[in-house]
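Quick note: numbers below take in every heavy atom, side chains included, and nothing from hydrogens, waters or symmetry partners. We're numbering straight along the sequence, starting at 1.
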Amino acid sequence: MSDLTTIELLWLEKRIENRIRFGKPASEKIVDHHRRILSFLPGSIFAFVRWTSNDFGTILSRIDILRAVAPGQRYSTVPWVSPGGESLLRLAGWPKVERVLQLIDAVESLGIDPADAAPDYWHHAHNRLSVNEKPRAYTRARHQAWLHRRRMAL
(Lines give C-alpha, C1' and ligand atoms only; values in the text may rest on other atoms or scores of the structure.)
Protein backbone atom coordinates (compact mmCIF):
# COMPACT_ATOMS: atom_id res chain seq x y z
CA MET A 1 0.00 0.00 0.00
CA SER A 2 1.26 3.44 -0.93
CA ASP A 3 1.80 6.30 1.50
CA LEU A 4 0.27 8.62 -1.10
CA THR A 5 -3.29 9.90 -1.26
CA THR A 6 -4.68 9.61 -4.78
CA ILE A 7 -7.47 11.59 -6.40
CA GLU A 8 -9.12 10.60 -9.64
CA LEU A 9 -10.01 13.63 -11.69
CA LEU A 10 -12.73 13.20 -14.28
CA TRP A 11 -14.07 15.60 -16.86
CA LEU A 12 -17.07 14.78 -19.03
CA GLU A 13 -18.25 17.91 -20.82
CA LYS A 14 -21.44 19.36 -19.31
CA ARG A 15 -21.82 16.29 -17.02
CA ILE A 16 -19.01 15.80 -14.51
CA GLU A 17 -16.05 17.90 -13.45
CA ASN A 18 -13.77 16.71 -10.66
CA ARG A 19 -10.79 19.02 -10.32
CA ILE A 20 -8.14 20.24 -7.94
CA ARG A 21 -8.40 23.97 -7.20
CA PHE A 22 -5.08 24.09 -5.35
CA GLY A 23 -2.48 21.68 -4.06
CA LYS A 24 0.98 20.38 -4.88
CA PRO A 25 0.71 16.87 -6.34
CA ALA A 26 3.70 14.58 -5.98
CA SER A 27 2.79 12.81 -9.22
CA GLU A 28 0.30 12.79 -12.03
CA LYS A 29 -0.83 9.94 -14.26
CA ILE A 30 -2.91 10.61 -17.37
CA VAL A 31 -5.31 7.71 -17.79
CA ASP A 32 -7.08 8.95 -20.91
CA HIS A 33 -8.53 12.12 -22.44
CA HIS A 34 -11.05 12.45 -19.60
CA ARG A 35 -9.22 11.08 -16.54
CA ARG A 36 -6.09 11.83 -14.56
CA ILE A 37 -4.87 10.54 -11.24
CA LEU A 38 -3.00 12.88 -8.91
CA SER A 39 -1.05 11.69 -5.87
CA PHE A 40 -0.27 13.76 -2.77
CA LEU A 41 2.31 13.21 -0.03
CA PRO A 42 1.12 12.89 3.59
CA GLY A 43 0.53 16.32 5.10
CA SER A 44 -0.21 17.96 1.74
CA ILE A 45 -3.28 20.18 1.66
CA PHE A 46 -5.45 20.40 -1.44
CA ALA A 47 -8.89 21.56 -2.54
CA PHE A 48 -11.04 19.08 -4.45
CA VAL A 49 -14.03 20.50 -6.33
CA ARG A 50 -16.79 18.27 -7.66
CA TRP A 51 -19.61 19.28 -9.95
CA THR A 52 -22.21 17.03 -11.58
CA SER A 53 -25.23 17.77 -13.73
CA ASN A 54 -27.92 15.94 -15.64
CA ASP A 55 -30.44 16.97 -18.30
CA PHE A 56 -32.27 19.13 -15.74
CA GLY A 57 -29.29 21.07 -14.40
CA THR A 58 -26.71 20.91 -11.62
CA ILE A 59 -27.25 18.09 -9.15
CA LEU A 60 -24.02 18.42 -7.12
CA SER A 61 -21.59 21.20 -6.27
CA ARG A 62 -19.13 20.36 -3.52
CA ILE A 63 -15.73 21.44 -2.32
CA ASP A 64 -13.48 19.57 0.09
CA ILE A 65 -10.24 20.95 1.47
CA LEU A 66 -8.32 17.94 2.68
CA ARG A 67 -4.96 17.11 4.21
CA ALA A 68 -3.42 13.90 2.87
CA VAL A 69 -2.90 11.39 5.66
CA ALA A 70 -0.05 9.06 6.53
CA PRO A 71 -0.72 5.34 6.98
CA GLY A 72 -2.43 4.69 10.32
CA GLN A 73 -3.88 8.20 10.65
CA ARG A 74 -7.63 8.76 10.89
CA TYR A 75 -9.34 10.08 7.79
CA SER A 76 -12.71 10.86 6.28
CA THR A 77 -13.76 9.03 3.16
CA VAL A 78 -14.44 11.19 0.13
CA PRO A 79 -15.61 9.92 -3.25
CA TRP A 80 -12.77 9.77 -5.80
CA VAL A 81 -10.12 10.12 -3.03
CA SER A 82 -8.17 7.08 -1.86
CA PRO A 83 -7.91 6.33 0.99
CA GLY A 84 -9.49 9.65 2.04
CA GLY A 85 -8.15 12.65 3.91
CA GLU A 86 -8.36 14.76 7.02
CA SER A 87 -11.28 17.07 6.35
CA LEU A 88 -10.47 20.74 6.89
CA LEU A 89 -13.50 22.06 5.01
CA ARG A 90 -16.44 20.31 3.37
CA LEU A 91 -19.30 22.29 1.89
CA ALA A 92 -21.99 21.62 -0.69
CA GLY A 93 -24.26 23.84 -2.76
CA TRP A 94 -23.09 26.32 -5.34
CA PRO A 95 -23.41 29.50 -3.19
CA LYS A 96 -21.14 28.03 -0.48
CA VAL A 97 -18.73 26.50 -3.01
CA GLU A 98 -18.50 29.84 -4.78
CA ARG A 99 -17.78 31.59 -1.47
CA VAL A 100 -14.94 29.15 -0.71
CA LEU A 101 -13.49 29.74 -4.18
CA GLN A 102 -13.55 33.48 -3.42
CA LEU A 103 -11.72 32.86 -0.12
CA ILE A 104 -9.09 30.84 -2.01
CA ASP A 105 -8.70 33.71 -4.50
CA ALA A 106 -8.28 36.15 -1.59
CA VAL A 107 -5.49 34.02 -0.06
CA GLU A 108 -3.76 33.88 -3.45
CA SER A 109 -4.10 37.67 -3.83
CA LEU A 110 -1.84 37.96 -0.75
CA GLY A 111 0.85 36.04 -2.63
CA ILE A 112 0.27 32.96 -0.46
CA ASP A 113 -0.31 29.51 -1.89
CA PRO A 114 -3.57 28.28 -0.31
CA ALA A 115 -1.92 24.87 0.18
CA ASP A 116 0.49 26.60 2.58
CA ALA A 117 -2.19 28.53 4.50
CA ALA A 118 -2.90 27.63 8.12
CA PRO A 119 -5.09 24.51 8.28
CA ASP A 120 -7.08 26.08 11.12
CA TYR A 121 -8.14 28.84 8.72
CA TRP A 122 -9.90 26.28 6.52
CA HIS A 123 -11.59 24.85 9.65
CA HIS A 124 -12.69 28.37 10.58
CA ALA A 125 -14.04 29.00 7.06
CA HIS A 126 -15.93 25.70 7.15
CA ASN A 127 -17.51 26.46 10.52
CA ARG A 128 -18.56 29.98 9.58
CA LEU A 129 -19.86 29.20 6.08
CA SER A 130 -21.76 26.12 7.26
CA VAL A 131 -23.96 28.42 9.39
CA ASN A 132 -24.13 31.18 6.74
CA GLU A 133 -21.76 33.53 8.54
CA LYS A 134 -18.89 35.43 6.97
CA PRO A 135 -15.40 34.03 7.76
CA ARG A 136 -12.63 36.35 8.87
CA ALA A 137 -10.17 37.20 6.12
CA TYR A 138 -6.85 35.40 5.97
CA THR A 139 -4.07 37.94 6.49
CA ARG A 140 -0.32 38.05 6.12
CA ALA A 141 -0.05 38.45 9.91
CA ARG A 142 -2.12 35.30 10.46
CA HIS A 143 0.03 33.48 7.93
CA GLN A 144 3.25 34.61 9.63
CA ALA A 145 1.87 33.42 12.99
CA TRP A 146 1.08 30.01 11.41
CA LEU A 147 4.60 29.75 9.95
CA HIS A 148 6.07 30.63 13.36
CA ARG A 149 3.90 28.00 15.17
CA ARG A 150 4.91 25.40 12.58
CA ARG A 151 8.61 26.17 13.03
CA MET A 152 8.25 25.95 16.81
CA ALA A 153 6.60 22.52 16.52
CA LEU A 154 9.54 21.11 14.56
Side-chain angles (χ1 to χ4, degrees), residues 2-70 73-140 142-143 146:
S2 173
D3 288 352
L4 300 176
T5 296
T6 60
I7 296 94
E8 184 175 346
L9 304 181
L10 176 63
W11 179 77
L12 299 174
E13 188 173 3
K14 299 182 181 179
R15 289 292 194 198
I16 297 174
E17 183 177 348
N18 294 348
R19 66 183 176 95
I20 295 296
R21 172 56 182 85
F22 69 78
K24 300 171 187 167
S27 68
E28 176 180 9
K29 178 183 175 188
I30 297 173
V31 178
D32 57 35
H33 180 67
H34 300 285
R35 293 181 300 155
R36 295 182 301 143
I37 297 174
L38 299 181
S39 299
F40 291 87
L41 294 170
S44 299
I45 296 175
F46 57 91
F48 181 43
V49 181
R50 293 181 286 146
W51 173 85
T52 305
S53 73
N54 62 18
D55 293 337
F56 303 103
T58 299
I59 57 174
L60 173 78
S61 293
R62 178 178 294 277
I63 187 164
D64 291 274
I65 298 180
L66 302 165
R67 183 173 11 209
V69 295
Q73 287 184 310
R74 294 182 304 160
Y75 59 87
S76 298
T77 59
V78 177
W80 308 94
V81 179
S82 179
E86 177 188 349
S87 183
L88 304 177
L89 178 146
R90 183 173 209 172
L91 293 168
W94 178 246
K96 289 181 181 179
V97 170
E98 183 177 37
R99 186 66 186 114
V100 174
L101 294 173
Q102 291 167 353
L103 292 174
I104 293 168
D105 290 343
V107 170
E108 289 175 331
S109 74
L110 297 172
I112 299 167
D113 185 331
D116 296 329
D120 66 336
Y121 177 69
W122 301 121
H123 278 295
H124 162 75
H126 167 85
N127 291 335
R128 298 292 293 198
L129 291 171
S130 65
V131 294
N132 296 317
E133 293 290 331
K134 183 178 179 182
R136 290 186 305 272
Y138 196 70
T139 63
R140 284 193 173 97
R142 185 174 189 158
H143 187 64
W146 157 241

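Atom CG of residue L89 and atom CD1 of residue I63 lie 6.5 Å apart, to the nearest 0.5 angstrom. Note that CD1 of I112 and CD1 of I104 are 13.5 Å apart. Values are rounded to the nearest 0.5 Å. Interatomic distance, D3 CG to S39 OG, rounded to the nearest 0.5 Å: 11.5 Å. Taken from OH in Y138 to NE2 in H124, the straight-line distance is 12.0 Å, to the nearest 0.5 Å. Atoms CG and CG, from N54 and L60 in turn, are 11.0 Å apart once rounded to the nearest 0.5 Å. For the atom pair CZ (R15) and CH2 (W51), the distance works out to 8.5 Å, reported to the nearest 0.5 Å.
Within the structure, ring pair (Phe, Tyr, Trp, His ring centres under 6.0 Å) pairs that include any residue of residues 21-47 comprise F22-W122, F40-F46 (at least two apart or interchain).
In this structure, the side chains of V69 and P42 stay at 4.5 Å or more apart for every pair of heavy atoms. No side-chain heavy atom of H126 sits under 4.5 Å from any side-chain heavy atom of L88. Inter-residue side-chain proximity for F48 and V81 is flagged as met; some heavy-atom pair is nearer than 4.5 Å. The shortest side-chain heavy-atom distance between N132 and K96 falls under the 4.5 Å cut-off. Inter-residue side-chain proximity for E86 and I45 is flagged as unmet; no heavy-atom pair is nearer than 4.5 Å. Taking 4.5 Å as the limit, some side-chain heavy atom of P114 sits within range of a side-chain heavy atom of E108. Between N18 and E8 there is no side-chain heavy-atom pair separated by less than 4.5 Å. Side chains of Y121 and L103 form a contact here, defined as non-hydrogen atoms less than 4.5 Å apart.
Side chain of S82 to backbone of T6: no donor-acceptor contact under 3.5 angstrom is found.
The shortest heavy-atom contact between H143 and D116 is CE1-O, 3.2 Å. The two residues V97 and L91 have their closest heavy-atom pair at CG2-O, 4.0 Å. Looking at every heavy atom in both residues, T5 comes nearest to I7 through O-CD1, 4.1 Å. Considering all non-hydrogen atoms of both residues, R90 and P79 come closest at NH2-CD, 3.9 Å. Across all their heavy atoms, G111 and R140 have their closest contact at N-NH2, 4.5 Å. What you find for P25 and G23 is that their closest heavy atoms are CD-O, 3.4 Å.
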Could you go through the side-chain contact (heavy atoms from CB on, under 4.5 Å) check for R36 and I20 one step at a time?
CA-CA 11 Å; R36 295 182 301 143; I20 295 296; over 6 Å; no

Using the rule given for side-chain contact (heavy atoms from CB on, under 4.5 Å), can you reason through L41 versus L4, listing the C-alpha separation, both sets of side-chain angles and the distance that settles it, and then say yes or no?
CA-CA 5 Å; L41 294 170; L4 300 176; 3.4 Å; yes

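Of the options E133, H123, R136, R99, a side-chain contact (heavy atoms from CB on, under 4.5 Å) to R128 is made by E133 and by none of the others.
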